Structures are given as structure tokens and as C-alpha cells.
J.: 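Got a structure for you, questions after.
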Amino acid sequence: MSDIITKAVIPAAGLGTRMLPIARTVPKEMLPIVDKPAISYLVEEAAASGITDILIVTGRNKSAIEDYFDYSPEYEEKLISAGKGSLVKELRSVCTKANICFIRQLEPKGLGHAVYKAKAFTEDSPFAVLYGDDIIFSQTPVVRQLADLYEKYNLGVLGVKHVPKAQIMRYCTLDATPVGEKIYKVTDMIEKPAEDQIITDLAILGRTILKPEIFDVLENTPPGAGGEIQLTDAMKVIANRQSMIACDFEGVRYDMGSKLGFLTANVEQGLRSKEVGEEFRKYLKNLVGTL
Ligand code: UTP
């Protein structure tokens with residue numbers, strides 16, 4: 001079994017009900033941040049972390065995701081004849097950052113159920129999971145931050161953040177003891193805890209590294225919160241059994257599955273844009289004066 005993380009799974013088959021009505025025809029993972037869909041940033045993060053093989057779990061009405069990671073001859077021909085051949089290389093690099101393959105989750109039965117679809121793909125190796133609607137901008141890619149800890153501790157690793165109480169109740173709570181700066185040992189967790197079940201204000205946000213034994217556990221994980229097979233319920237078994245490591249990662253996270261997350265990601269990344277950032281800043285300054 002390789003201890004180096006080269007495989008990643010991106011579950012992107014959820015219904016995205018918080019992003020209705022657009023989610024009916026545009027997968028939330030394809031919502032743009034400036035000029036690239038959210039999932040493009042995830043593939044870039046994975047590749048920059050040393051991942052070579054990526055499995056994207058999709059579902060019905062999500063074929064735009066597959067099309068995005070394909071060549072686009074119509075645009076390429078146009079760009080070449082307009083003397084903009086260098087842009088073709090840039091467009092193609094979207095598809096060649098890693099070996100990307102796809103599998104369908106026939107019914108959106110939960111994140112745990114989606115991750116289980118990766119059993120054959122992972123070939124008994126540890127792997128990263130990047131939640132398809134969680135975008136994180138950081139100095140060091142978050143999967144790299146987590147993979148370094150996996151290599152150090154040889155335990156599953158969770159990307160976590162301190163979050164306010166109201167959010168903890170929507171995410172999960174961890175029983176976590178510090179073992180280093182911003183690093184914790186996790187021995188228990190509860191998905192969507194009631195107020196009196198909250199253990200700490202640390203919640204898992206968007207990234208994990210898992211060992212292949214997660215699949216045996218998922219096989220026996222009954223539906224949990226919301227009637228879905230929850231990845232957290234399976235990770236809880238692993239945490240109880242052998243503990244996991246939590247990393248309060250460096251980076252800013254945007255929940256592209258929520259309207260506010262989508263808007264803030266676009267405003268902040270828009271301000272950083274080389275192409276339009278300066279003009280956008282001027283526009284926002286004027287706008288703020290009128291509010
Ligand atoms: P979420 O819980 O945020 O996705 O899952 P959701 O179920 O689409 O959200 P709402 O509540 O309906 O708005 C995090 C990631 O896991 C994927 C989602 O696509 C998202 O990227 N997911 C979720 C699956 O792949 N399959 C599922 O059955 C559920």
C-alpha cells in the first residue's frame with residue numbers, strides 16, 4: 001500500500017437544493033468564480049498537491065462537468081486563426097492537469113454513498129476527498145497540507161475549522177485534543193449535532209484523506225442525518241477505532257453550495273483578478289458609497 005497520496009475523489013452528484021432554481025440545470029459545482037467553474041479550482045488544488053488521478057462522482061443533469069474537462073476544437077480553431085494560439089495551451093491545460101475520470105452515483109443517497117463509488121478507483125490506496133462545492137484558496141494547497149500530515153502520522157486526516165455554534169449544528173462536531181500547532185487528534189465526531197451534543201467548535205470542512213478501510217465501514221453504515229449515508233458516520237467509526245488527525249488548515253473557504261458563499265467567492269476572487277480586479281475595486285468603492 002502506497003503511503004503517498006496520488007488519488008483524489010471529488011463527489012459532485014448532490015442535488016444542490018440550496019442553490020435552486022439554478023441547480024436544476026447547472027450543477028452547483030459548475031457555478032463560476034469569475035471565469036472558471038468551482039470544480040476547476042478543485043482539480044487545480046489537487047494537481048498542485050501531487051495528485052495524478054482524480055475520480056469525479058457525477059449524477060443526472062451533471063454532464064456539463066465532463067464536457068468542461070474535454071478539449072474544445074471549436075474554440076481552439078477560432079483562437080488559432082485569430083493568432084491567439086497561446087490561449088489554446090491554456091484551455092487544454094484545464095484537461096491535462098491530472099487523469100480525470102468519472103462515475104455516476106445513480107441516486108444522491110449522501111456523501112458517504114458517493115465516496116463508496118470510488119472503491120475500485122482507489123485500488124486499496126489512501127486517497128483525498130475534495131467536497132465538490134467547497135473551494136479553498138490558500139498559500140499551500142489544502143490537500144498538500146493534509147497529505148503531509150497523513151505521511152507523518154499514517155492516520156486519516158480531516159480538514160477542519162473553528163466555526164460558530166449555528167454552523168456546527170449544520171456541519172459536525174469533533175472530539176479533538178491538540179497534538180501540535182493547529183493539529184488535533186480526533187477520537188469521536190457527531191454529524192449535525194443537537195445543541196447539547198456539541199463537543200467542540202471544530203467542524204470538518206471540505207477536505208479529508210482517508211484510508212481504504214473506510215469502504216468496509218461504509219458498506220455497513222446505515223442512513224443517518226437527513227436519511228443519507230453520511231461520510232461523517234463512517235469516519236466516526238474509524239476515529240473511535242484508531243483515531244484520526246485534524247488539521248486547522250491555512251486558507252479561506254467558500255461554500256459554493258450556498259448563495260452567500262457563491263457571492264462572496266466571486267467578489268473576493270474578482271478583486272484578485274489581474275484582468276478585471278482594478279476596475280471591479282473602483283466599481284465596488286463607488287457602490288459602497290451609495291449604500
Ligand atoms: P452537500 O451536502 O453540500 O450537497 O454535499 P447537496 O446534498 O447537494 O446539498 P443541498 O443540501 O441539497 O444543497 C457536499 C458535496 O458532496 C456531493 C455534493 O455534490 C457536494 O459537492 N454529494 C452530496 C454527492 O456527490 N452525492 C450525494 O448524494 C450528496
Side-chain angles (χ1 to χ4, degrees), residues 11 14-19 28-29 38 42 108-115 128-138 142-143 145-146 149 155-210 214 217-218 221-265 268:
L15 289 178
T17 42
R18 287 168 298 148
M19 288 308 271
K28 60 178 171 174
E29 297 80 7
L42 294 181
K109 288 187 176 172
L111 184 57
H113 184 260
V115 168
V129 182
L130 296 87
Y131 300 11
D133 53 1
D134 269 323
I135 303 306
I136 304 169
F137 294 118
S138 56
V142 181
V143 167
Q145 296 178 42
L146 269 50
L149 291 172
L155 289 170
V157 185
L158 308 162
V160 304
K161 281 279 173 206
H162 294 278
V163 303
K165 200 189 221 177
Q167 281 185 34
I168 276 283
M169 293 167 73
R170 278 192 283 125
Y171 298 135
C172 65
T173 179
L174 302 181
D175 190 346
T177 318
V179 289
E181 201 189 332
K182 297 193 167 201
I183 301 169
Y184 303 83
K185 188 174 187 173
V186 177
T187 49
D188 204 4
M189 61 187 81
I190 303 171
E191 176 75 12
K192 297 193 175 57
E195 198 167 348
D196 61 354
Q197 288 178 311
I198 295 176
I199 316 169
T200 64
D201 68 348
L202 285 169
I204 304 165
L205 293 182
R207 305 288 182 272
T208 69
I209 305 276
L210 296 170
I214 195 75
V217 180
L218 279 170
T221 302
E228 296 189 339
I229 297 176
Q230 298 289 352
L231 183 61
T232 310
D233 291 344
M235 295 193 296
K236 174 190 170 80
V237 173
I238 303 281
N240 290 164
R241 220 187 253 169
Q242 53 188 236
S243 80
M244 294 182 80
I245 295 297
C247 168
D248 179 355
F249 56 81
E250 169 268 313
V252 186
R253 174 227 177 217
Y254 301 95
D255 177 6
M256 290 293 286
S258 79
K259 287 167 193 171
L260 191 60
F262 164 72
L263 291 170
T264 50
E268 293 184 24

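Being a predicted model, the structure only gives us computed values, none of them experimental.
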J.: Measure the spacing between SG of C172 and CD1 of I199 and express it to the nearest 0.5 Å.
T.: 9.5 Å
J.: Could you list the residues that satisfy ring pair (Phe, Tyr, Trp, His ring centres under 6.0 Å) with Y254, not counting sequence neighbours?
T.: F137
J.: What pairs with D233 under salt bridge (Lys or Arg N to Asp or Glu O under 4.0 Å), at least two apart in sequence or on another chain?
T.: none
J.: Of all the heavy-atom pairs spanning T200 and A176, show the shortest one and how long it is.
T.: CG2-N, 4.2 Å
J.: Is there a side-chain contact between M244 and V157, using heavy atoms and a 4.5 Å cut-off?
T.: no
J.: Can you give me the closest heavy-atom contact between M19 and K28, atom names plus distance?
T.: CG-CB, 4.4 Å
J.: Are D134 and R207 close enough for a salt bridge, meaning some N to O gap below 4.0 Å?
T.: no
J.: Write down the atom of S138, the atom of G251, and the distance for their closest heavy-atom approach.
T.: CB-CA, 3.7 Å
J.: For the backbone of L155 and the side chain of Q242, can you confirm whether one donor and one acceptor N or O come within less than 3.5 Å of each other?
T.: no
J.: Nearest 0.5 angstrom please: Y131 OH to T208 OG1, how far?
T.: 5.0 Å
J.: Flag the pair E228 / H113 as yes when at least one side-chain heavy-atom distance between them is below 4.5 Å, and no otherwise.
T.: no
J.: Please round to the nearest 0.5 Å and tell me the distance separating atom CZ of R170 and atom NZ of K192.
T.: 9.5 Å
J.: Calculate, to the nearest 0.5 Å, the distance between atoms CG and OG1 belonging to L218 and T221 respectively.
T.: 5.0 Å
J.: List for me each residue that meets salt bridge (Lys or Arg N to Asp or Glu O under 4.0 Å) alongside E250, sequence neighbours excluded, and say none if there are none.
T.: none
J.: Which residues pass the salt bridge (Lys or Arg N to Asp or Glu O under 4.0 Å) test with R18, not counting sequence neighbours?
T.: D133, D255
J.: Do L205 and V163 touch side chain to side chain, with heavy atoms closer than 4.5 Å?
T.: yes
J.: Could you grab the distance from atom CD1 of I198 to atom OG1 of T173, nearest 0.5 Å is fine?
T.: 6.0 Å
J.: What's the verdict on side-chain contact (heavy atoms from CB on, under 4.5 Å) for I204 and M235, showing C-alpha distance, side-chain angles and the deciding distance?
T.: CA-CA 11 Å; I204 304 165; M235 295 193 296; 3.7 Å; yes
J.: Hey, does L158 have a side-chain heavy atom less than 4.5 Å from the side chain of L202?
T.: no
J.: Kindly list each side-chain donor-acceptor pair under 3.5 angstrom involving residues 179-191, sequence neighbours excluded, with atom names and distances?
T.:
| from | atom 1 | to | atom 2 | distance (Å) |
| --- | --- | --- | --- | --- |
| D188 | OD1 | K236 | NZ | 2.9 |
| D188 | OD1 | N240 | ND2 | 3.2 |
| E191 | OE1 | T232 | OG1 | 2.5 |

J.: What are the two closest heavy atoms between V143 and A128, and how far apart are they?
T.: CG1-CB, 3.9 Å
J.: Identify, with sequence neighbours excluded, every residue that meets salt bridge (Lys or Arg N to Asp or Glu O under 4.0 Å) alongside D175.
T.: none
J.: Measure the NZ-OG1 distance between K259 and T264 for me, rounded to the nearest 0.5 Å.
T.: 14.0 Å
J.: For A194, is there any backbone N or O sitting under 3.5 Å from a side-chain donor or acceptor partner on Q197?
T.: yes
